[in-house]
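These numbers come from the heavy atoms of this one structure, side chains and all, not from hydrogens, waters or symmetry mates. Along the sequence shown, the residues carry numbers beginning at 1. Bear in mind that the values here come from a model prediction, so they are computed numbers and not experimental data.
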Amino acid sequence: MQPVDQPFPGISGCRVIVTGGTKGIGAGIARGFLRSGARVLVCGRNDPASLPAADTAEGRATAAFTRADVRDPEQARRLIAAGLDLFGGVDVVISNAGGSPQAPAATASPRFHARVIELNLIAPLHVAQAANEVMQDQPDGGSIIMIGSVSGARPSPGTAAYGAAKAGLHHLATSLAIEWGPRVRVNTVVPGFVATEDSAGHYGDADGVAAVAATVPLRRMATPDDVADACLFLASPRAAYVSGACLTLHGGGEPPAFLTAALPVPEEPLR
């Protein structure tokens, strides 16, 4: 069953900010919220060729954009301030900006490791601090959602600093949920393999993408819409008692390596 391309209840009118929301998973999240009637502000380090848009009952809705590098705490504060100026409040903030190129841990430079951790762990904290300051003063508080990764829950060879940062991000969300409740809920969505316009850079050509998808128990990679649906749930009143949670979105996970390395399965089942 594919994600339902319909408005999610309880989201209409929400004021939403998505970091890294101009492409890939972030753009998919933005489109999901727009489709459900939210007002959305996305940010990126560079001006995009186009902005996320979605058809709604009222017509075509398009996200607003502001340039921001959320690794800079001042720019993170200005991002939240821009949402406050634009919408009059901020109900949902989704920290999606992140990523890392492949680099062997033995030879990557100290600056490389520092920048990866800065983008994937420290930047979401900057954004969350600024958002919390606004949300604590709002009658209905707010919801902060971190986009994590299965790389933070299992070994991440080739992207060790990234995996470590994502592991830290998962833990950060649980701590903030305690510190900032009851006004602000903080949760994490943890995707596995996600098919985006950049899939070829991660998994190779179409055959490579198909081979990776075949390892997933649900026999496909996630789509940005899948991630959006998880965020919509966590942001909605249906998740009013969900905070400090880690919603894993990996289609059943990665089968243990021994399953392909072990001896063939006996023809007769063991008794």
Side-chain angles (χ1 to χ4, degrees), residues 7-8 10-98 118-119 122-147 172-173 176-177 179-187 189 228 231-232 234-237:
F8 195 96
I11 297 297
S12 181
C14 279
R15 301 160 296 186
V16 181
I17 296 174
V18 183
T19 71
T22 61
K23 61 181 181 179
I25 292 173
I29 293 170
R31 286 191 297 269
F33 277 88
L34 289 168
R35 197 160 48 237
S36 293
R39 291 174 286 172
V40 179
L41 172 67
V42 299
C43 78
R45 282 179 282 176
N46 301 299
D47 293 345
S50 62
L51 288 170
D55 293 326
T56 70
E58 290 74 32
R60 189 76 167 164
T62 303
F65 171 79
T66 188
R67 184 184 292 184
D69 182 344
V70 290
R71 295 173 298 184
D72 177 356
E74 183 55 38
Q75 291 189 51
R77 284 192 291 270
R78 288 204 297 266
L79 168 65
I80 301 301
L84 190 59
D85 290 343
L86 188 62
F87 302 137
V90 178
D91 301 308
V92 181
V93 170
I94 301 168
S95 276
N96 164 78
E118 186 180 20
L119 174 61
I122 306 302
L125 177 56
H126 293 329
V127 173
Q129 285 180 305
N132 176 67
E133 187 174 351
V134 170
M135 292 174 174
Q136 290 291 343
D137 290 334
Q138 295 178 161
D140 295 324
S143 171
I144 297 172
I145 301 170
M146 309 288 195
I147 303 300
L172 175 66
L176 299 184
E179 288 195 30
W180 296 348
R183 279 269 190 234
V184 177
R185 295 186 298 111
V186 186
N187 293 291
V189 173
C231 293
L232 285 161
L234 289 175
S236 77

Which heavy-atom pair separates [X] from [Y] by the least distance, and what is that distance?
X      : Y      : value
Ala76  : Ala130 : O-CB, 4.2 Å
Val90  : Gly83  : CG2-C, 4.0 Å
Val42  : Ala63  : CG1-CB, 4.1 Å
Pro124 : Ser95  : CA-OG, 3.8 Å

Partners of [X] by side-chain hydrogen bond (donor to acceptor under 3.5 Å, both in side chains), sequence neighbours excluded?
X      : answer
Arg183 : none
Asn96  : none
Gln129 : none

Original post:
In terms of heavy-atom contacts, does CG of Asp47 have more than 12 from other residues, nucleotides or ligands at under 6.0 Å?
Top reply: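 Atom CG in Asp47 is packed in, count exceeds 12.
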
| field | Heavy-atom neighbours of Glu133 CD exceed 12 at 6.0 Å | value |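 Counting neighbours around CD of Glu133, 12 or fewer heavy atoms of other residues, nucleotides or ligands fall under 6.0 Å, so no.
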
To the nearest 0.5 Å, tell me how far [X] [atom1] sits from [Y] [atom2].
X      : Y      : atom1 : atom2 : result
Thr66  : Leu79  : OG1   : CG    : 6.5 Å
Asn46  : Lys23  : CG    : NZ    : 8.5 Å
His126 : Ile80  : NE2   : CD1   : 12.5 Å
Asp137 : Asn132 : CG    : CG    : 9.5 Å
Met146 : Leu234 : CE    : CG    : 12.5 Å
Arg67  : Cys43  : CZ    : SG    : 11.5 Å

### Backbone N/O of Ala97 and side chain of Thr19: donor-acceptor pair under 3.5 Å
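At least one qualifying donor-acceptor pair exists.
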
**Message:** Test your reading of the model: is there a side-chain donor-acceptor pair from Asp91 to the backbone of Arg15, 3.5 Å cut-off?
**Reply:**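 Yes; at least one donor-acceptor contact below 3.5 Å.
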
Evaluate the side-chain proximity of [Y] to [X]: yes if any heavy-atom separation is below 4.5 Å, no if none is.
X      : Y      : value
Phe33  : Cys231 : yes
Val40  : Pro52  : no
Arg71  : Arg45  : yes
Val189 : Ile94  : no
Glu179 : Val186 : no

Legend entry - Criterion side chain to side chain contact (heavy atoms under 4.5 Å, CB included) on Val92 and Ile11, from CA distance to verdict: CA-CA 10 Å; Val92 181; Ile11 297 297; 6.0 Å; no

Checklist line | From CA spacing to verdict: side chain to side chain contact (heavy atoms under 4.5 Å, CB included), Ile144, Met135 | finding: CA-CA 10 Å; Ile144 297 172; Met135 292 174 174; 4.0 Å; yes

